[in-house]
Amino acid sequence: MLRLNQMKVHTKYIAGLIVVIFFVLCPLFLNSERSYFIYFLYTTFIYITIAQGWNLIAGYTGQVSLGQHAFFGLGAYITAITWRAGLTGYFDPLAFLLSGTGALLLAAIVGVVLLSKLRDDYFSLGTLGIGEILRVAALNGGSFTEGAAGISLNSTAYKSMNHYYYTALFIMLFTLVVIVLLIRSRVGLALIAIREDETAASANGIPVLRYKILAFSIGAFVTGLCGSLNAYYIFHVHPPGVLSLNWVVIPVLMCILGGAGTFMGPILGAFVLSIAFELTSIWMPEIHPIFSGAFIVLVTLFMPSGIMYYITNHKSMIMRRLRLTVFKWMNQKA
Amino acid sequence: MSYFPSLAVFFQIIINGTFLGTMYGVAAIGLSLIFGCMQVLFIAQGTMMILAAYSVFWLVYFMSIDPLISILIIIPVFLVLGWIMYKGMFQRVSQAGPSSTLLLAFGLMVFMESMMLFIWSPNIRSVKTSYSTSAFQIGDITISVSRLIVTVVAGIATCLVYLFLKKTMTGKAIRGVSEDRVTGMLLGINPNRVSAITFAIGIAMAGVAGVATCLIYPFDPYFGFLFSLKALIAIAFGGLGSVGGALLGGIILGILESLSSYTISPGWADAIAYAAFILVLIFRPQGLLGKAADKV
Amino acid sequence: MENHLLELRSVDVSYGDAQAVGNFSFYIDKGKIITLVGANGAGKSTILNAISKIIPTSSGEIFFSGMSTAGLKPEDIVKLGICQVPEGRHLFTKLTVLENLELGAYPVHTRPFMKDSIEKAFTLFPILKERINQSSGTLSGGEQQMLAIARALMARPKLLMLDEPSLGLAPKVVSLLFKTIKKLNNDGVTILLVEQNVHQAMEIADYAYVLQTGTCKMDGHCHDLLKNSDFKNTILGIRE
Ligand SMILES: Nc1ncnc2c1ncn2[C@@H]1O[C@H](COP(=O)(O)OP(=O)(O)OP(=O)(O)O)[C@@H](O)[C@H]1O
Ligand SMILES: [Mg+2]
């Protein structure tokens with residue numbers, strides 16, 4: 001029995017490794033500058049990262065943040081402002097670090113204030129407010145943020161799509177590894193304990209506030225990294241772009257579609273939703289946003305706990321059917 | 001930019017703020033009722049308002065129905081719409097917990113917003129009536145007729161809801177179920193029926209607020225989300241679960257906004273409102289008025 | 001088959017995987033007071049809630065006046081004439097005393113008698129009349145319990161289920177409460193009483209069921225049980 005489990009874990013790792021190798025090799029077979037597939041993977045990696053960041057605070061810890069776009073936008077603005085000021089350069093690791101850290105600090109400050117006082121819905125509202133405040137601040141930041149027009153960056157610096165692709169892949173893998181390590185550790189158990197019953201968790205000596213802030217900040221850090229990469233990608237940082245609510249809505253959707261509070265959920269959800277969005281925007285560009293809205297409604301109506309939940313709940317059934325079919329097939333042959 | 005407005009200007013600001021705030025307040029009443037009864041944070045409230053505004057736009061445009069008369073059409077239609085929304089969607093999702101209902105409301109918001117974009121385009125629309133531009137003076141203060149009408153309508157709607165909650169069995173059941181669902185069931189109250197009624201009223205209030213808004217302000221489909229946020233802020237100011245509190249919270253917000261856009265700058269008015277919102281959430285989660293507004 | 005007012009036949013109730021009540025059967029005849037006693041967590045409230053359809057049963061059947069209640073909703077149960085006063089009162093604390101009472105008569109067929117029922121409630125508990133417009137959250141514990149009972153009576157129940165009505169009340173108030181329960185019973189209301197105050201409950205009750213970890217440990221007429229050494233031992237904690 002033990003062996004079987006170990007084997008299962010091994011197959012999981014091997015399958016994961018194969019997928020990663022596939023992603024790494026993709027640009028070798030495809031023309032990254034032209035390939036739609038590469039662009040698709042690039043955006044999906046970013047969404048997976050943000051979705052996992054949200055998953056950590058909302059899915060595992062149970063605190064539904066609606067302010068991820070604030071972290072994304074802050075990351076983008078930090079990158080743009082430091083680059084414009086000549087403090088950092090194009091694809092500067094320092095810029096990434098600063099952007100991530102900036103988002104992390106914002107989350108920590110916001111977290112100390114909001115998480116210590118507010119619970120549940122109030123926390124969601126508070127974080128929503130943070131995003132809006134940042135948006136208004138960016139709009140009114142004068143020459144510092146260049147208002148509604150936003151900061152235009154030197155797009156001649158562009159070299160190759162591969163840079164973006166591999167950076168996104170790296171950020172995503174980094175996030176996934178961090179999440180796995182966290183969730184497998186005592187921290188992960190503590191987070192889940194907080195989600196299940198906060199009072200009980202704190203009665204058992206778990207420093208609830210500290211763990212919540214930790215989860216919130218890590219999520220913000222990786223989201224800030226994505227914002228930074230996005231600034232380099234579009235060479236133009238302005239409020240409707242980087243502080244758009246889409247940067248919280250879409251990842252949250254992906255996470256819930258796949259199954260919040262599971263590791264595979266956001267990944268699965270990101271791929272399913274990205275594909276769905278891409279297909280509709282190709283075939284029905286006019287009604288693409290209508291479809292997104294309807295999609296959210298349908299998913300919450302019919303699969304409120306997500307795909308992963310559905311799969312795990314029906315696993316034995318699916319497996320039994322499969323085995324039965326194989327069995328019948330073999331009997332027929334014999 | 002003057003930091004110390006003269007008395008007349010000050011009164012003008014307060015009055016304009018009150019007009020603006022009444023609309024926030026009416027939307028907030030609906031939101032607060034819905035949240036109080038079923039813990040659903042219905043962030044599509046503002047979008048419903050804008051839907052009402054566009055409906056009025058069409059009623060005026062195609063049938064030349066006066067906006068004030070169109071209220072009589074909008075209210076029943078929105079009541080039914082609210083009922084259907086609850087019965088068809090929120091009732092089944094409500095068991096899955098608050099984040100699911102929040103997401104559902106969000107999905108509805110995105111859906112309706114993009115539907116409206118598709119049908120009415122992102123261009124800013126406005127509704128013109130014979131009294132759109134008329135105004136009268138009291139001393140140095142100008143009062144626009146349409147704003148006054150709108151405020152009166154909002155006041156009437158608020159009073160009706162208040163009386164409904166206070167005087168009818170269903171109203172009392174709504175208040176009871178908001179406090180304790182299971183006990184309601186033990187008394188023979190069907191909580192789903194009560195919730196459906198509450199939802200219907202909440203949506204109808206969005207309809208009233210939408211009609212009121214379109215008489216005064218130009219609007220586009222994206223306006224809705226902003227209004228939802230404003231309604232939420234109004235609730236935070238007024239305290240959850242009270243009709244009077246929600247209206248008062250809306251008015252406080254309206255005055256805060258018009259004061260800060262006069263003394264600081266219109267661009268920052270929103271940010272100041274959000275900051276005040278967060279401060280209130282943190283320091284007075286029961287609302288600025290606290291216990292006093294805890295009644296209905 | 002003789003028609004009991006209420007009958008449970010091998011009822012099972014579970015919370016998730018944990019079984020709270022297993023294979024529980026009992027009945028109440030019209031006009032009687034039945035008491036259900038047992039330690040904390042024995043499953044008493046669970047049984048009342050199963051009867052009220054607040055929680056579903058996983059197997060077994062519940063009959064009221066010979067009719068199965070399967071598939072009914074909580075509000076239907078109230079309409080049939082079964083009212084529960086839940087453990088811990090559960091008043092609508094933001095509503096006034098009067099409003100609480102009025103909501104007790106929510107089922108449509110009881111509304112015509114509302115005025116009458118309120119008068120009755122006030123004669124039964126005169127103190128409530130003095131507090132009529134006070135919000136019920138500000139009542140004392142005893143007054144709250146009275147209001148909770150009065151509210152349940154507003155629906156003119158045939159069967160009144162009381163879940164630990166004496167919880168947190170002073171001994172004097174408790175005796176008064178039990179007297180009132182007896183009076184109600186004399187007026188024709190059948191009573192299912194869940195109590196920790198075993199002695200006093202047994203004094204007014206006709207028949208008792210003893211519950212232990214979700215199953216019926218023993219049952220009998222109250223005067224018989226009070227003599228039973230096993231009963232005294234486990235429930236009353238008296239060793240001989
Ligand atoms: N909502 C619930 N979810 C899970 N378990 C529950 C729930 N309610 C009760 N239980 C469990 O069911 C069992 C029976 O509980 P119940 O409330 O019926 O006991 P009781 O006899 O009324 O106890 P008490 O005298 O303390 O009121 C207990 O073990 C309890 O932990
Ligand atoms: Mg109990």
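Residue numbers start from 1 in every chain, and the chains themselves are labelled A, B, ... in the order their sequence lines are given, proteins ahead of strands. All values below were derived from every heavy atom in this structure, side-chain atoms included, with hydrogens, water molecules and symmetry-related copies excluded.
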*NZ of C/Lys120: more than 12 outside heavy atoms within 6.0 angstrom?*
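Not buried by this count: 12 neighbours or fewer within 6.0 Å.
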
*Are there more than 12 heavy atoms of other residues, nucleotides or ligands under 6.0 Å from atom NZ of C/Lys73?*
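Incorrect, the count does not exceed 12.
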
*Find the distance between CG (C/Leu95) and CD (B/Glu179) and round it off to the nearest 0.5 Å.*
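Here the interatomic distance stands at 7.0 Å.
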
*How long is the span from the NZ atom in B/Lys166 to the OG1 atom in C/Thr96, to the nearest 0.5 Å?*
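One finds 7.0 Å between NZ of B/Lys166 and OG1 of C/Thr96.
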
Close side-chain approach of [X] and [Y], heavy atoms under 4.5 Å:
X	Y	value
C/Phe92	B/Leu187	yes
B/Arg175	C/Glu99	yes
C/Met114	B/Met169	yes

*B/Thr183 and its side chain to side chain contact (heavy atoms under 4.5 Å, CB included) partner, picked from C/Gln84, C/Arg151, C/Arg89*: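 Testing each of C/Gln84, C/Arg151, C/Arg89 against B/Thr183, the sole residue satisfying side chain to side chain contact (heavy atoms under 4.5 Å, CB included) is C/Arg151.
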
*Hey, which of C/Ile82, C/Ile54, C/Val78 is the one that makes side chain to side chain contact (heavy atoms under 4.5 Å, CB included) with B/Leu186?*
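In the set C/Ile82, C/Ile54, C/Val78, the residue that makes a side chain to side chain contact (heavy atoms under 4.5 Å, CB included) with B/Leu186 is C/Ile54.
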
*Give the minimum heavy-atom separation between B/Lys172 and C/Leu103, together with the two atoms involved.*
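Distance-wise, the nearest heavy atoms are O-CD1, 3.5 Å.
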
*For the pair C/Glu75 and B/Arg193, find out whether any cationic side-chain nitrogen is under 4.0 Å from an anionic carboxylate oxygen.*
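Looking at B/Arg193 together with C/Glu75, the answer is no, because their closest N to O distance does not fall below 4.0 Å.
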
*Contact class of C/Thr93 relative to chain B, heavy atoms under 4.5 angstrom*: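 Both the backbone and the side chain of C/Thr93 come within 4.5 Å of chain B.
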
*Under 4.5 Å, counting heavy-atom pairs only, tell me which of B/Val177, B/Asp180, B/Val182 racks up the most with chain C.*
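The option with the most such pairs is B/Asp180.
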
